[in-house]
Amino acid sequence: MSAVRPSAAAGYDCVVIGGGHNGLVCAAYLARAGRSVLVLEAAAQVGGAAVTHEFAPGYRVSACAHLLHQMSAQLIDELALAKHGLRFAATQMPTVALSGDGASLTLGATGLSGPARLSAHDLDAYPRFVERLARFARLLGPVLEQVPPELGTSAWSDRFALLGLGWRVRRLGRRDMRELLRIGAMNVYDLLNEQFESPLLKGALGLDAVLGTNFGPRSPGTVLTLLYRLAAQTGAGERSTAQPLGGMGAVCDSLARAAVAAGVTIRTAAPVSRVLVANDAACGVLLESGERIDARTVVSNADPKTTLLKLLGAEHLDTGFVRRVSHLRSNGLAAKLHLALDAAPRFSGLDAAAPGGRLLVAPSLDYIERAFNHSKYGEYSDAPAIEVTVPTFHDPGLAPAGGHVISAVVQYAPYALRAGWDVERERMADRVVDVLEQYSPGLRGMIRTRELLTPLDFERQFRITGGHWHHAELAFDQFFMLRPVPGAAQYGTLLPGLYLCGAGSHPGGGVMGTAGRNAARRILAKAA
Amino acid sequence: MSGAKLDAIVVGAGHNGLVAACYLARAGLKVLVLERNDYVGGAAVSRQLYENFTYSNCSYVCSLLRPEIMRALELPKHGLQIIPYDGGCTMMSDGGHLAIYDNHDALRREISRHSQRDAEAYDRYSRDVMRQCKFIKPLLLREPPDPASFRPRDIRSLLDLGFRLNRLGSERIYDTLRFWTMSAADFLDEYFESEIVKAHFAGSSIIGTALGPRSPGTAYVLLHHYMGEIDDTVGAWGFARGGMGAVSASLAASLRASGGTIRTDAGIDRILVHGGRAVGVVLHDGEEIRAPLVLSSMDVKRTFLESIEAKELPGEFVQQVRNFKIRGSSGKLNIALDGLPVFPAIPAGAPCSRGDMHVTDTIEMMERAYDDWKDGTWSRAPYIDMLIPSQIDPTMAPDGKHYMSVFVQYCPYELASGPWDAQQRKAFGDTVIDTIANHSPNFKSLILHAEVRTPWDIEREVGLTEGNIFQGELTMDQLLFNRPIPGYAQYRTPLDGLYLCGSSTHPGGGVMGAPGANAARAVLRDLGRAVTQ
Amino acid sequence: MSNEREPLPHYQEPLLQTPFHDRARALSQLDSFIPWSGYTTVDVFTTVEQEYFAIRNAATLYDLTPMVKYRVAGPGAQRYLNRLVTRDVAKLKVNRVSYCVWCDDSGHVIDDGTLFRLGEDEYRLCTAERQIDWLLDSASGFDVAVTEVTEQIAALALQGPTSCAVLKQLGLAGVERLKPFELRGFEAGGLRVTVSRTGFTGDLGYELWVAPEDAILLWDTLMTRGKSRGIRPIGSRALNLARIEAGFLAPNVDFVSAERTLRVGSSRSPLELGLGWLVDFEKGHFTGRRALLEERRRGPRRQLVGLDIDGNKPAVNALLYAERSARNEIGSVSSAMWSPTCKRNIALAMVDVPHITPGSSLWADVYLNRELVWERRMCRARVVERPFFAPDRRRATPPADV
């Protein structure tokens, strides 16, 4: 590649590669600070993996994440997303642990309710457990909103950031602090077994710890992933777990409108092929069409491997750094099953109103662990753990009149399936439907069309290397100042002018937008 | 007990109890060690269970015993002799093998047979693990700081740790953070491409754990293999001549030389507590022995749940002790052989059969072995670590015959199908023997006697709760200031005068001696005595 | 190959033998062999003195085969190498050789070596240590193949004032026109040999590269035809003396590869090693560039320098002080010798920058062994230019016909 010189006159202050939710959030914040911003999206519509897509005539569903539980109320407020069309079909959705015998269990914010029978011990322990975790989550919440400090530098800002974190942990008081330092490294299996008796309750709580991760409940670090999820949820505030009206695509549509209102230009169907470099800094991008766009700052919402190894290229980076980027674990483990139904599904033991909740198939911790076992060997499980929603229950517009949609996150479905996804996709879909049939007798007969999206499909459709929803595994060694890799954990990369703003950066996450917001803050602070 | 008044009672004559007793005796305290078995050593023993064979029937190699302790307690003078061995190997299901040799060039050429890249990546791997060893080494013989405390000593110790980290510079701090949190499988993936190479090294990450090689937090266990080498001490990794009992025997001799006393066949019924203070012990036969200090080298559960009445302890503390994870996961076979078994995979003349031999050639096999354990059964294809020390140490078996030590991972303390019985134990032993026989055609015909030990047996005989060889799982939530109980990680307990000195405490298990030495120093510090390293 | 016996397996005989081994063994009077990069090679044939003086006065053969050799080839080879080493590889023409270093991300030297450009897209990299791990990790993202070819190529260093004359005796037509750092293939008397005018002695000299099956023929021809020019084989000890005089660095002696260091602060940047002239900041990105730019801005804290030390006792491993009273330690010696040619007591040493001004005096703490009675002597040391010895004949083209 020949060095290209940026033309001073044309171009933008910032080009954002990828119009996923984090890219749009980042662009909006940059534009609000007065930057001229261009968002380049490869697909025909914005949203990245946070889109609503039509998988059968008249049936629409959120392609990946189907619940909005982590996007902070503050962000929604600041960008005035309500004004830009964000509506919720449902908020404060309850979590229901399904049981094969119909004795399901509803997990509320403060208590549990049947029909499942629970011991006095569990009923008593649950609120205390939830409250303690909430205290920890509130402590960690602000950490997610923070640009991670760099370690081993002599910068006082980094030292203060660390001391600040230490001080916050200390302020918990001795007992809570010790408990946090103990359970922070534990697996959720042992923690829940310490606290509770009911397998169904433990299964439901355990699933939250491993959903979207490459862990089973017995993997150390799963208490941290649970706390992380809870911490992200604290930002959601009153709304709690919610379903956006029109599916997840509506969130990005409102983000796009907010961005445009702030002055952002958005171009769709404009895939980027390279980040351009001149004078030791990023200076723009080259589109696949051959068009060149100059910019002083290039921000990438693409995953770290795509950004650094494909768009930028190893020749601009050091070998040790490339080594680390290529070792980033980014293979997805979650699949998505979509069912187009003729009629309203019924779940045994649930009254007619309950299907509006978040329904979990995770009858015990061992059940989840066994499902996880298969993923270690490149297999999917015949008895997967599932998070089910019936989005049409709150939002009938997603299906033709009388029709319904089931949207299910299925774990575990490893990206690198030994037998190959193109061979196994339909067989796995059969198995998942078999499992759902156990909880919703008659379901199979209602299915008009179905679709199973595997990590391989996510990779192909959304250009996410490995098809991981979070762009990179959530694990101790890929969290916070280690996310995605040391040297790029403060949103900047080693190349001046090139920034990361996607889920591969701290704090990662589903549809949260915090990475985009933090990245914008970092870019603006650097320029100031 | 007659004579002068005792200063301290040490409960349990395992290596840590003896180490603690030695340090106290050397400081001038009058010490009595009580051992429930009729032999000393706990899990570091040499036993003659079949004719003239000597079994190291629990722990079987000597690699972690801190040289500082060997020196301070003059163990070589008291008879301890470590014989180094050269490498080891993993035999493969296709008849191939990977051997490990001390000589760097031989090792490079050996690994090159499987992957040239791995042969050279091995240097980077060793370098990175050694760097971590260098970082961790000073923490072993030290009380872990309590992060929740405001005592100047703890704050100083924490700051010191912070400074030491900071001095490493960014790159290495990140490497350190990752090393302590990654899984062994992920860590090895960053160096090696060949499955057999990864499998061989991964082995040392699962020994004794309740985790699989893919569980986060297993990478750091890999450094145990290098811990001995960091000291540049020849013979740091080897057999104790005469079996592991030689370690205990030399400790006992050292203790007696400095005036300490050991009573065997003296199991304790309970620790006597009076007014929130440990004041002595009561033996099974009812005899009361009093002393102002009691050190327990029993594990934390056995100490607090079985030897002290709950009413003497804070309720929350008892709950925390109950929550301490101590699942056993290892079994052991000790086999007397009529001759040397033949392993066709290993070329004749290769010295690797004198080291540790394995037959698990993929990480997947290891992980599946772990899955079996999670389901409450022994591994159908277990990971085994087998050694024939009699090849190097002729005192272990009669002429021409051999003793084989087979460590087995994984084996549960309780079976999902019900309690261990003779039949189940035999089936477990047969699984292991068949696994070995698959790689050695004449193995079965050589077996004269085999002792099969499950975690349940280990608990019964050695007293380790649930048969956990480390007196508590070595997971991140049970290390450093969390070991064994947050707030009680400095060898002291809720009861004045009662100290823990076993592997339940920092830095944990293995025949290292560090918990015993650290506990003794904590005692001496509390007594206002001068404390030396 | 005509080895006397089949080598034993690696676990019984870890070191390999070079194709010259039998000849070397036959001429080795002391049976003094040492390991080098997995091979066994001669340390001393007869006496170090005789071998050393042959380098400076006649012609010498040194078995270079253990030098680790990599073939780097493919359309992306040049871009790959430019990202790997600190010099501008685009400036290296076909049939030319370049001395280079390469660094890790922190700008610390991993190794130095010679880079041969054999064709448009084909290079050979010769290094002291094996490092396929680093070379392959560096290749990710480049259209290039890197393979080790050490065993496929036998090599001899032919060094000394009469070395060109020896080659002419072999009938290598036009070899005298070969310029320093140039290489060319020759064919004479059934022997195909590649000759490069390179070496590690700082003297007139060549390196000869042949297929292993031609190794013995090459050796025998050289020894026969070179007899009248005083040719003799030398071992590593004599070569080491010549390389110190020439001011060249030896890995694991004067620096430790950044891929091997355990301690913080023990790896060295090219700027610290006095190799700043090998770093081209203008050519585009290479691994370590950002760190080196930063170091250049701050200025290196210590630097490798040449020392001329009073007395004639080599200051081996000596610590250096700013004053005779040995109060402030300011560095240490990594290589030291009495130079028989210069008649100077010379050394290579790492010294804190504030104390390096040409001609400034430092003090070396030298220990003398006088029939097992040890004495400590503070010897004055002056910072001097390197190389210590650089005769014009090393560059003269054509070389004088001696």
Side-chain angles (χ1 to χ4, degrees), chain B residues 86-87 89 97 99-113 115-135 164-173 175-176 190-193 226 229-230 232 346-355, chain C residues 7-17 33-41 66 68 70 103-108 110-111 127-140 145-151 252 256-267 287-288 290-291 294:
Chain B
D86 182 8
C89 68
H97 82 291
I100 300 298
Y101 300 111
D102 274 1
N103 181 284
H104 186 261
D105 289 302
L107 178 58
R108 179 178 55 76
R109 288 171 63 189
E110 171 67 16
I111 301 178
S112 282
R113 298 193 303 114
S115 156
Q116 186 204 0
R117 187 177 190 162
D118 286 359
E120 296 177 30
Y122 173 77
D123 290 336
R124 179 163 59 95
Y125 170 77
S126 306
R127 173 201 72 178
D128 286 352
V129 180
M130 288 286 261
R131 281 179 177 175
Q132 298 305 331
C133 284
K134 273 191 139 17
F135 178 75
R164 269 166 42 77
L165 254 176
N166 203 57
R167 264 208 307 276
L168 293 177
S170 328
E171 297 284 311
R172 293 204 193 171
I173 298 179
D175 288 347
T176 303
E190 297 198 350
Y191 298 86
F192 302 116
E193 58 185 13
Y226 286 81
E229 293 173 29
I230 196 78
D232 291 329
I346 304 174
C352 56
S353 65
R354 294 203 289 269
Chain C
L8 296 170
H10 55 283
Y11 45 86
Q12 286 167 338
E13 198 171 274
L15 296 175
L16 299 164
Q17 299 177 355
F33 285 77
I34 52 165
W36 173 26
S37 273
Y39 285 84
T40 177
T41 57
V68 186
Y70 295 100
C103 301
D104 68 1
D105 293 21
S106 333
H108 293 139
I110 289 176
D111 204 351
T127 70
E129 299 224 25
R130 286 192 166 70
Q131 47 199 294
I132 196 77
D133 179 42
W134 180 262
L135 297 179
L136 289 179
D137 280 347
S138 297
S140 121
V146 183
T147 38
E148 193 195 321
V149 292
T150 307
E151 288 190 46
N252 293 323
V256 180
S257 166
E259 278 282 274
R260 298 279 175 274
T261 53
L262 292 179
R263 284 156 210 284
V264 177
S266 51
S267 33
T287 297
R290 288 183 191 95
E294 175 60 18

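So that the names make sense, note that chain A is the first sequence line, chain B the second, and so on, each numbered from 1.
R117(B) approaches D133(C) most closely through the heavy-atom pair NH2-O, 4.2 Å. Across all non-hydrogen atoms, the minimal contact from R260(C) to D123(B) is NH2-OD2, 3.6 Å. Looking at every heavy atom in both residues, E13(C) comes nearest to R109(B) through O-NH1, 3.2 Å. Residues R172(B) and L262(C) share a closest heavy-atom pair of NH1-O, 2.7 Å. Q116(B) and I132(C) make their closest contact through O-CG2, 4.1 Å (heavy atoms, listed as atom of the first residue, atom of the second, distance).
Between chain C and the options A106(B), P351(B), S126(B), heavy-atom pairs under 4.5 Å are most frequent for A106(B). Across P347(B), C352(B), A99(B), the residue that shares the most heavy-atom pairs under 4.5 angstrom with chain C is P347(B).
Heavy atoms closer than 4.5 Å to chain B are found nowhere in D105(C), neither backbone nor side chain. Proximity to chain B involves both the backbone and the side chain of E259(C), based on heavy atoms less than 4.5 angstrom apart. With a threshold of 4.5 angstrom between heavy atoms, R108(B) approaches chain C through side-chain atoms but not through N, CA, C or O. At a 4.5 Å heavy-atom cutoff, the contact between T261(C) and chain B is made by backbone and side-chain atoms alike. Interface residue L16(C): backbone and side-chain heavy atoms are both found under 4.5 Å from chain B.
When side chains are defined from C-beta on, Y101(B) counts as touching H10(C), because their heavy atoms get closer than 4.5 Å. Between R131(B) and R263(C) there is no side-chain heavy-atom pair separated by less than 4.5 Å.
Shown here is Q12(C), whose CD atom has more than 12 heavy atoms of other residues, nucleotides or ligands within 6.0 Å.
Using modelled atom types, one finds no donor on one side chain facing an acceptor on the other under 3.5 Å when comparing Q131(C) with E120(B).
Residues R130(C) and D105(B) are not paired through a salt bridge, judged by the lack of any N-O separation under 4.0 Å between the basic side chain and the carboxylate.
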